[in-house]
Number of protein chains: 2
Amino acid sequence: MTAATNIAQLQAQINTQYATLSKRLQQVASYVLENNQSLAFDTIATIATQANVPPSTLIRFAKAFEFSGFNEIKKLFRQDLIEETTSYTDRARLYKENNTTSLEKPLPILQEFARVNSEAMHQLATQASEQQLTLAVNILSNAENIYILGLRRSYSTAAYLTYALRHVGRKTFLLDGLGGMFDEQASMIGTNDVLLSISFSPYAKETQVLTESVSQKGAKQIIITDSKMSPLAAWSDVCFVVNEGKVDAFRSQSASLCLVQSLVVALAFQ
Amino acid sequence: MTAATNIAQLQAQINTQYATLSKRLQQVASYVLENNQSLAFDTIATIATQANVPPSTLIRFAKAFEFSGFNEIKKLFRQDLIEETTSYTDRARLYKENNTTSLEKPLPILQEFARVNSEAMHQLATQASEQQLTLAVNILSNAENIYILGLRRSYSTAAYLTYALRHVGRKTFLLDGLGGMFDEQASMIGTNDVLLSISFSPYAKETQVLTESVSQKGAKQIIITDSKMSPLAAWSDVCFVVNEGKVDAFRSQSASLCLVQSLVVALAFQ
DNA sequence: CTTTAAGTGAAATAAAAATTTCAATTTAAG
DNA sequence: CTTAAATTGAAATTTTTATTTCACTTAAAG
C-alpha cells in the first residue's frame with residue numbers, strides 16, 4: 001500500500017482495512033469517514049477530542065495509512081474542499097477572465113451551465129418564501145380545474161407542469177393555442193379554477209392579455225416570472241420571481257422547473 | 001466601528017475605508033477582497049508573500065479593522081466556507097435523518113429539490129465527456145434536418161430543445177404525434193438527418209420502435225437517457241447517460257435540460 | 001529645510017499546533 | 001498463569017505559525 005492522494009482513495013483504503021485496525025484506530029477511521037469538514041479545518045487536538053482518542057492515536061492512524069503525519073491527511077481534505085468550492089463558486093471569475101477562448105468548446109459550456117444552474121438553485125432555495133409556497137399549494141389544492149399557460153420559451157415548463165399535475169390526479173389543461181383555439185380554450189376558465197402562468201422577458205403578449213381578462217372572471221392566478229416589474233405581477237394572487245442562471249445571452253430554465261416540480265410534489269404530499 | 005462577524009460585513013467595511021488606508025494596507029485590502037480561498041486555507045506567511053507585504057502588515061490590517069489578530073480574519077473566511085459547503089454537500093445526511101417530518105411542507109421540498117438538482121449538475125459537469133459532446137455537436141451541425149423525439153415525461157425537454165434549436169437557425173421538427181400522425185412525421189426522416197431522442201425509464205414504447213426503424217434508414221442518432229442499459233442505447237451514434245436528482249420517487253429533469261441547452265449553445269458558437 | 005508623525009519590514013519572541021517519547025495497560029500466545 | 005508483543009495515552013519535545021518589537025524609511029506640516 002502507498003499513501004492515498006485523494007479522499008476517495010483514502011476512503012477506499014479505510015474500508016478495506018477497517019476490520020484489521022485496532023479499537024482506537026477504528027474509532028479514528030469512523031470519524032475520518034464521517035467528518036470531512038472537521039478534518040479540513042480543525043486542529044489535531046480538536047479532532048482528537050471529538051473522536052474521543054488522544055492526539056497520538058491520530059498520528060498513528062496516519063502512519064498506518066503510510067502518511068508521514070496526520071497533517072498530510074488534513075491537507076487531503078483541505079485540497080478536496082478547495083476543488084469542490086472552486087468548481088462552483090470562485091470559478092466564476094476564472095471563466096469570465098478567459099471566456100473569449102473557453103466558451104467555444106462544448107465541455108466548458110456545459111460546465112458553465114452546470115455552475116450557473118447550481119447557483120440559481122441555491123438562490124431559489126434561499127429566497128423562496130414558505131408563505132408564498134403554502135398559499136400556492138393551497139390554491140392549487142382547492143381549485144376545481146387547473147389551467148396552465150406558458151408560451152414560447154416557457155412552453156416546455158408549462159408542458160412539464162401539466163404532465164406532472166395530471167400524474168398526481170389533478171384536472172389540468174394546457175393552454176397551448178392548438179388549432180388556433182387559444183381564446184376558446186381560455187374561455188373555459190371558471191370562477192373556481194386557477195390559472196398558473198409562466199412568462200419570462202420578453203413577455204408574450206397573449207399571456208399578458210389573458211392574465212388580465214382572467215382576473216376579471218374571479219379565477220385565482222399564480223404567476224411565475226423573472227422580475228417584480230413583470231407586467232403579469234399585478235394580476236396575481238401569488239407571484240414567484242425566479243432568478244434563472246444564464247451563460248452569455250442564453251437563459252436557463254432549471255430554477256423554474258425546480259420550483260414547478262416542488263409545487264407538484266408538495267401538492268401530492270398534502 | 002466594531003469587528004465584522006461575517007465576510008459580507010468585512011467586505012463592506014473594507015470598501016468604505018479603502019481610500020483612507022495606507023498603501024500597504026490597500027494592497028492587503030485588495031488581496032482580502034479577491035482571495036477568499038487563500039484567506040481560509042493559507043498561513044499568514046503564505047498570504048503575506050502572495051500579497052507582497054511582510055507578515056506584520058497583515059496583523060496591522062487586522063487591527064485596523066478592530067480584530068485582535070489576522071487569525072480572526074482567517075476564522076471568518078473558514079466559517080464562511082463551512083457554511084457554504086454544508087449547505088450543499090453534507091446537508092444530505094441531515095435531510096435523510098429527519099425527512100419523515102420535513103418532507104411534508106413546501107419549503108423543505110423545494111430546498112431538497114434545489115439540493116439534489118445542484119448535485120446532479122455537479123455530477124453532469126464532472127462526468128460529461130468532451131469527446132461525446134463534440135461528436136454530438138458535429139452531428140447536429142452537419143445534419144440537414146433535426147428531428148426531436150421525447151414522449152410523456154421527456155416531452156417538455158424535447159419541446160424546449162426544439163424551441164432552442166429553431167432559435168439558433170436549425171431546421172428542427174418535434175415528433176409529437178399530433179393528430180395521430182406519429183408514423184407520418186417519422187417517415188420524413190432521411191439519410192442526411194439526425195434524430196435526437198430523449199427517453200427515461202419507463203421507456204415509452206413508441207420511442208423504442210422509432211429509434212430502431214430510423215437506424216435502418218441510415219440517419220444519425222443521438223440519445224439522451226438515464227442508464228447504459230436503456231433499450232435505446234444500442235442504436236445510437238452518441239449516447240448521453242444522465243443522472244437526474246430525485247426527491248422521494250419524483251425524478252427531476254434539470255440535468256437533461258442543462259445538457260440539452262449546452263448542446264444548443266455549443267452549436268450556436270460553432 | 002527641519003521636525004514629527006506615520007508607515008514599513010527584518011528579525012526576535014510568543015503562541016499554537018503537530019509529533020515523539022516512554023511508561024502503563026491491554027491483548028494474545030505459549 | 002506467565003510472558004512477549006501490541007496498543008494506548010499523558011506529557012515532553014519539536015516544529016510550525018502568529019504576533020510583537022524596534023530600527024529604519026517615507027511623507028506631511030511647520
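Letters A, B, ... mirror the listed sequences (proteins, then strands); counts begin at 1.
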B:Thr225 side chain to B:Ser199 main-chain N or O, any donor-acceptor pair under 3.5 Å?
yes

Thinking salt bridges, do A:Asp226 and A:Arg251 make one under a 4.0 Å N-O criterion?
yes

How about B:Phe41 and A:Phe41: are their ring centroids closer than 6.0 Å?
yes

When rounded to the nearest 0.5 angstrom, what is the spacing between CZ in B:Phe240 and CD1 in B:Ile222?
6.5 Å

If we only count heavy atoms from C-beta on, is the A:Ser156 to B:Thr157 side-chain gap below 4.5 Å?
no

How close or far is atom C1' of C:dT19 from atom CZ of A:Phe61, stated in whole angstroms?
17 Å

Rounded to the nearest angstrom, tell me the gap between atom CG in A:Leu21 and atom P in D:dT7.
10 Å

Taking every heavy atom of A:Val168 against every heavy atom of B:Phe250, the minimum-distance pair comes out as CG1-CE2, 4.4 Å

Not counting sequence neighbours, which residues clear side chain to side chain donor-acceptor pair (under 3.5 Å) with A:Gln11? List them please.
none

Can you tell me if CD on A:Gln131 sees more than 12 non-hydrogen neighbours from other groups inside 6.0 Å?
no

Protein-to-nucleotide contact annotation, 5' to 3' order, nucleotides 11-26 of chain D [B base; S sugar-phosphate only; - none; under 4.0 Å, heavy atom]:
------SSBBB-----

Among residues 22-31 of chain B, which ones have heavy-atom contacts with DNA chain D below 4.0 Å?
none

Check the distance between D:dT8's P and A:Asn52's CG and give it to me in whole angstrom.
14 Å

